[in-house]
Amino acid sequence: MELATLYNPHGVEERWQQTWEAEGLYRADDADETRPTYVIAVPPPNVTGALHMGHALNGTIQDALIRWHRMRGFNTLWQPGYDHAAISTEMMVERQLRTEGTSRFDLGREQFLERVWEWLHQYGGIIMGQFRRLGCSLDYDRERFTMDDGYVRAVYRFFVDLYERGYMYRDNRIVNWCTDCASTVSDLEVEHIDVDDTLTYARYPLVDGDGSVTIATVRPATILADVAVAVHPEDDRYKHLIGKHVRVPVVDRVVPIIGDEAVETDFGTGALKITPGHDPVDFEIGRKHGLEELTVIGLDGRMTGDIPDEYKGLTEDEAADKVVQWLKDNDRLEKREHYRHAVGHCDRSGTRIQPLVLLQWWCEMGDLARPALEAIESGRVRFHPPVHGRVAADWLRAIRPWNVSRQQWWGHQLPVWYCADGHVTVSETEPAACAECGAGELTRDPDVLDTWFSSALWPFATLGWPDDTRALRRFYPGDVDSTARDIIFLWVNRMIMAGLFELGDIPFHDVIIHSTILAPDGQRMSKSKGTGIDPLELIDQHGADSTRYGLLKMSSTQDVRFSSQQIEEGRRLANKLWNASRLLLMAGPETPDAQPSSEEERWILARIDATRQVVEDDLAKYDFSHAVDRLYHLTFDDFCDWYLEAIKPRLGDAQTRATAFAALERLLKLLHPVLPHVTEEIWTHLPGRESRLIVAPWPEPLPQETSGEIERAQTAARIYRRSGVRIALAGDAERIFTAVVRPSANGGGDVGKERDRLRKEIERGERMLANEKFVANAAPDVVDAEREKLEQYRAELDALG
RNA sequence: GGGCGCGUAGCUCAGCGGGAGAGCACUCGCUUCACACGCGAGGGGUCGCUGGUUCGAUCCCAGCCGCGCCCACCA
């Protein structure tokens with residue numbers, strides 16, 4: 001057998017990736033009515049994206065689960081595909097257009113969309129190839145894209161269903177406007193960042209009588225849009241003023257003083273200027289009190305509307321300076337002070353959010369959230385770790401209307417048409433006439449939907465919904481969703497809501513929230529900061545198996561720092577396995593159906609079976625790092641260091657080899673979900689294995705009767721190695737045990753150290769058992785255990801003489 | 001402002017009520033015919049700090065000190 005002494009994954013891995021896929025072994029079978037199904041839909045990466053550490057970890061987790069279930073006989077579907085990533089894709093193409101000196105507005109909508117498709121054909125869709133290189137056994141034949149014709153139909157159906165149930169509506173409300181994206185963004189896409197600001201205190205004189213009310217604001221430019229001043233109704237300083245009026249600086253508008261409990265008495269002056277057009281709190285107060293919603297800042301962030309001419313066209317900052325100057329000049333400025341507070345920024349562009357009142361489409365979420373909340377609270381959907389389920393539930397409880405329309409072109413255009421009279425027609429297909437007045441001239445709403453609106457349908461739109469397909473019937477509901485923490489609200493919760501709304505069932509019963517792998521310095525990996533580590537480079541360097549092992553080893557319920565040590569550990573494991581296999585393969589062929597006859601053989605089978613059990617338990621709990629740790633120690637400590645060393649001299653015996661191959665076979669199966677390539681490669685070298693390991697049956701339980709002899713031999717060997725006596729592990733364990741426990745000719749060396757250790761242990765045990773309070777209060781089994789240990793140590797010390 | 005999490009060996013992390021663990025790194029000994037990406041042995045820790053509960057605390061409770069994350073309409 002010509003096998004390199006050093007396992008080289010390169011070439012081997014690519015070959016198996018191609019073979020498995022070509023042989024159709026990744027495929028799910030929707031015609032199969034017999035096997036139970038196991039379904040995971042991959043979180044669809046951005047079509048423009050490249051594999052990063054999060055994808056790699058998540059892909060490995062899902063692949064380990066998929067491979068494990070495939071071996072256990074499940075009809076597994078791991079659904080691949082892409083998300084169109086509306087805003088980020090559009091921004092990328094616009095950036096390219098800018099380098100050409102043009103813009104999407106120059107091109108017009110149709111031409112621009114053509115450019116996006118061209119761009120995607122050229123640069124998009126590379127990540128599935130990268131998943132293949134990781135060894136991910138997705139059913140690539142079923143790749144879906146959220147812009148596929150069928151998927152688009154699903155999106156329209158969802159919209160129409162929501163509209164017909166009264167959840168989707170159009171309204172003028174305050175939105176998060178991003179001047180950089182030139183679009184609204186949802187609340188979830190707003191990041192609150194602390195900024196250094198200035199709080200300006202301005203006096204608003206009372207219309208009748210003397211005096212004034214002082215308000216505090218961080219945005220003096222919005223004074224031009226003030227329509228009221230609000231105070232707390234119980235505030236003794238101000239409550240007598242409610243109903244009176246003040247004059248707004250600069251514009252000299254007369255506005256009322258109103259009472260509202262939303263006003264905090266202990267912040268600023270306790271009096272709040274009300275600008276419903278430019279502040280979310282003020283908007284709510286304004287709606288409650290029927291106030292006008294004036295706009296003085298436009299979509300471009302510049303001053304506009306019914307304002308003095310000298311303000312028109314200024315930026316907000318310029319206008320603010322001008323207002324402050326006016327306040328100074330007119331003795332209305334009380335003071336200005338430094339103020340640090342959190343301000344909403346667009347999480348994509350980093351631009352400060354401009355709250356504006358705009359006519360937008362909204363989705364009322366309360367009725368959708370309720371069943372999803374019930375599913376989480378009842379445990380039908382379980383989060384791992386559970387804390388994320390509690391957070392997800394909290395969000396659902398406090399859910400707010402969702403602004404779903406975006407002022408962009410790339411994405412799913414709203415299935416909404418308007419007639420000349422402004423009547424609304426919502427339809428899955430282009431309507432011939434206005435649903436309300438029958439007018440034939442209709443204009444389609446130019447906006448597109450929030451990307452996450454379509455993502456919410458991923459678990460069933462990928463299966464053909466809204467059509468009643470065989471795949472949908474077979475594979476919905478699915479089983480597991482595995483994803484990063486940051487899209488629990490954006491995506492996970494919405495999939496649960498959408499699944500329950502459209503299909504009446506949860507899309508998955510377990511949600512794995514994997515850890516975030518941080519850069520080695522503890523910071524988040526960031527492309528722009530150059531702190532990202534490219535998983536493809538790791539694969540090139542160490543192979544996919546090693547990378548998978550390392551990522552699983554690193555994974556945890558909490559964030560972890562990346563360390564290449566774990567990947568190298570995986571490489572050593574693959575190499576160790578390779579060489580252990582070489583040892584057996586070089587020894588000669590096996591004899592089938594051999595029964596274990598020696599204690600070592602029964603022992604290793606018992607060890608493998610015990611590890612099978614705990615690994616299954618770990619995987620069922622999605623505890624991957626402990627699972628791979630156990631497999632590592634099974635391979636190194638049990639299989640190689642003890643078992644193979646013990647049987648080495650007897651490898652000439654076909655019976656011995658047969659058991660060894662049987663043990664190796666089981667070991668390879670246990671390792672396959674983590675290290676698919678090296679295990680499959682070794683598998684083909686095993687005599688008589690015609691089928692592929694990827695579809696080989698997962699090992700059944702295999703109970704063994706063992707005597708404890710090996711464990712005693714291990715203890716004895718350790719003692720004697722420590723004492724400086726070199727002993728051979730070859731030969732049967734009982735003889736080793738006898739030899740080392742009653743040292744004779746083999747003996748010698750210094751066992752004093754071991755005696756000291758045992759004496760200390762005995763002393764400790766005696767001390768504990770002499771403590772009456774311990775014996776009286778501790779659990780009886782704990783006390784018994786101490787007694788047994790004490791006996792054990794005494795016996796061992798005795799044996800050492 | 002509300003919530004969550006973390007501080008354990010030089011590094012990355014397990015353990016979470018009864019003897020401090022793993023891998024790497026380090027020291028020593030082994031070119032032993034599967035593997036030097038190996039084998040064997042070893043050094044290294046007041047388990048952030050201070051109190052409390054307990055026969056017993058790295059583990060539970062409280063406070064403090066550091067670090068991180070999420071949510072959030074105090075202008």
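The figures that follow rest on heavy atoms only: side chains count, while hydrogens, waters and symmetry mates do not. We name chains A, B, ... by the order of the sequence lines, and we start the count at 1 in each one.
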### Message
With rounding to the closest Å, how many angstrom separate the C1' atoms on B:rA57 and B:rC61?
### Response
11 Å
### Task
Would you mind classifying the nucleic acid contact of A:V560 as base, sugar-phosphate or nothing, using non-hydrogen atoms under 4.0 angstrom?
sugar-phosphate
### Task
Can you tell me, in whole Å, how much space there is between the C1' of B:rG68 and that of B:rC74?
26 Å
### Task
For A:F489, report the nucleic acid contact type (base, sugar-phosphate, nothing); a contact means any heavy atom under 4.0 Å.
sugar-phosphate
### Query
Are any of the side-chain nitrogens in A:E786 or A:K789 under 4.0 Å away from the carboxylate oxygens of its partner?
yes
### Query
When you check the gap from the basic side-chain N to the acidic O, do A:E600 and A:R650 get nearer than 4.0 Å?
yes
### Query
Among side-chain atoms of A:T214 and A:E334, is any donor-acceptor pair under 3.5 angstrom?
yes
### Task
Just call it for A:N575: base, sugar-phosphate, or nothing, with non-hydrogen atoms closer than 4.0 Å on any strand.
base
### Task
May I ask you to decide whether A:E791 forms a salt bridge with A:R794, counting only side-chain N to carboxylate O separations under 4.0 Å?
yes
### Task
Identify whether any heavy atom of A:V387 sits under 4.0 Å from a base atom; if not, whether one sits that close to sugar-phosphate; answer base, sugar-phosphate or nothing.
sugar-phosphate
### Query
Looking only at atom P, what distance separates B:rC24 and B:rG63, rounded to whole Å?
41 Å
### Rounded distance in Å - CG (A:L188) to C1' (B:rA72)
12 Å
### Query
Nearest to the side chain of A:H633 - B:rC55, B:rA22, B:rC73?
B:rA22
### Message
From the set B:rC35, B:rC73, B:rA75, return the single nucleotide nearest to any side-chain atom of A:H192.
### Response
B:rC73
### Message
Given a 3.5 Å cut-off on both pairing distances, which stems involving RNA chain B, each at least three consecutive Watson-Crick or G-U pairs, are present, if any?
### Response
B:1-7 with B:65-71, B:10-13 with B:21-24, B:26-30 with B:38-42, B:48-52 with B:60-64
### Query
Using a cut-off of 4.0 Å on non-hydrogen atoms, how would the nucleic acid contact of A:Y549 be classed: base, sugar-phosphate, or nothing?
nothing
## Note on the structure
When rounded to whole Å, the CD1 to C1' distance for the pair A:I274 and B:rC73 reads 11 Å
### Residues A:R287, A:E284; criterion salt bridge (charged side-chain N to carboxylate O under 4.0 Å, His left out); working and verdict
CA-CA 5 Å; A:R287 280 276 160 114; A:E284 294 300 332; over 6 Å; no
### Query
From B:rA72, B:rC55, B:rG40, pick the nucleotide closest to the side chain of A:F774?
B:rC55
### Message
Need one value for A:K760: base, sugar-phosphate or nothing, where a base atom within 4.0 Å counts as base even if backbone is also close, heavy atoms only.
### Response
nothing
### Query
If you measure from the C1' atom in B:rA9 to the same atom in B:rG5, how many Å do you get, rounded?
23 Å
### Query
When we call it a touch if two heavy atoms are under 4.0 Å apart, what does A:K553 touch: a base, just sugar-phosphate, or nothing?
nothing
### Task
Check the side chains of A:R572 and A:N575 for a donor-acceptor pair under 3.5 angstrom, ignoring hydrogens and angles.
no
### Query
Does A:E645 come within less than 4.0 Å of A:K648, counting only side-chain N to carboxylate O?
yes
### Query
Which is true for A:S556 with a 4.0 Å heavy-atom rule: it touches a base, it touches only sugar-phosphate, or it touches nothing?
sugar-phosphate
### Task
Using atom OH of A:Y204 as one end and atom C1' of B:rA75 as the other, report the distance to the nearest whole Å.
11 Å
### Query
Just wondering, do A:H278 and A:L224 contact through their side chains at under 4.5 Å, heavy atoms?
no
## Note on the structure
Against the side chain of A:A778, the closest entry in B:rA34, B:rC55, B:rA75 is B:rC55
### OP1 or OP2 of B:rA72 under 4.0 Å from side-chain N/O of A:R400
yes
### Query
Under 4.0 angstrom, heavy atoms only, what part of the nucleic acid is A:Y339 near: base, sugar-phosphate, or nothing?
sugar-phosphate
### Message
Strictly below 4.0 Å: does A:K576 bring a side-chain N or O up to OP1 or OP2 of B:rC39?
### Response
yes
### Query
Once you round it to whole Å, what is the distance between P of B:rC35 and CZ of A:R582?
6 Å
### Task
Check the angle between the aromatic planes of A:F639 and A:Y643 and answer parallel, tilted or perpendicular using the 30° and 60° thresholds.
tilted
### Message
Any donor-acceptor pair, under 3.5 Å, between the side chain of A:E645 and the base of B:rA34, if you only look at N and O atoms?
### Response
yes
### Message
If you only use heavy atoms from C-beta on, which nucleotide in B:rC73, B:rA75, B:rG23 is closest to the side chain of A:Y632?
### Response
B:rG23
## Note on the structure
Rounded to whole Å, CZ of A:R561 lies from C1' of B:rC6 at a distance of 11 Å
### Task
Using the C1' atom on both, measure B:rC28 against B:rA36 and round to a whole Å.
16 Å
### Query
Does the base of B:rG5 carry an N or O that pairs as donor and acceptor with the side chain of A:Q558 under 3.5 Å?
no
### Task
Write down the distance between NE2 (A:H384) and P (B:rC4), rounded to a whole number of angstrom.
21 Å
### Same-atom distance (P) from B:rG48 to B:rC16, integer angstrom
16 Å
## Note on the structure
Among the nucleotides B:rC74, B:rG38, B:rA34, whichever has the atom closest to the side chain of A:C640 is B:rA34
### Query
When rounded to the nearest Å, what value does the distance between P atoms of B:rG40 and B:rG45 take?
25 Å
### Message
Just the rounded figure in Å: distance from P of B:rU32 to CG of A:L583.
### Response
16 Å
## Note on the structure
Assign each of A:H626 and A:K273 the nucleotide of RNA chain B bearing its closest heavy atom; nearer the 5' end lies the nucleotide of A:H626
### Task
Rounded off to whole Å, could you give me the CE-to-C1' distance for the A:M768 and B:rG56 pair?
7 Å
### Query
For atom C1', what is the distance between B:rG3 and B:rG43, given to the nearest Å?
44 Å
### Query
If you check every side-chain atom of A:N579, which of B:rA72, B:rC11, B:rC35 has the closest atom?
B:rC35
### Message
Does B:rC24 have its OP1 or OP2 closer than 4.0 Å to a side-chain nitrogen or oxygen of A:R572?
### Response
yes
#### Entry: Within 45° cone of A:W402 ring axis and under 6.0 Å: A:R494 NZ or CZ
yes
### Message
Assess, by modelled atom type and distance only, whether the side chains of A:N176 and A:T184 contain a donor and an acceptor separated by less than 3.5 Å.
### Response
no
### Query
Looking for any heavy atom pair under 4.0 Å, which part of the strands does A:A779 touch: base, sugar-phosphate only, or nothing?
base
### Task
Between A:L644 and A:F267, just flag the one whose closest nucleotide in RNA chain B comes earlier from the 5' side.
A:L644
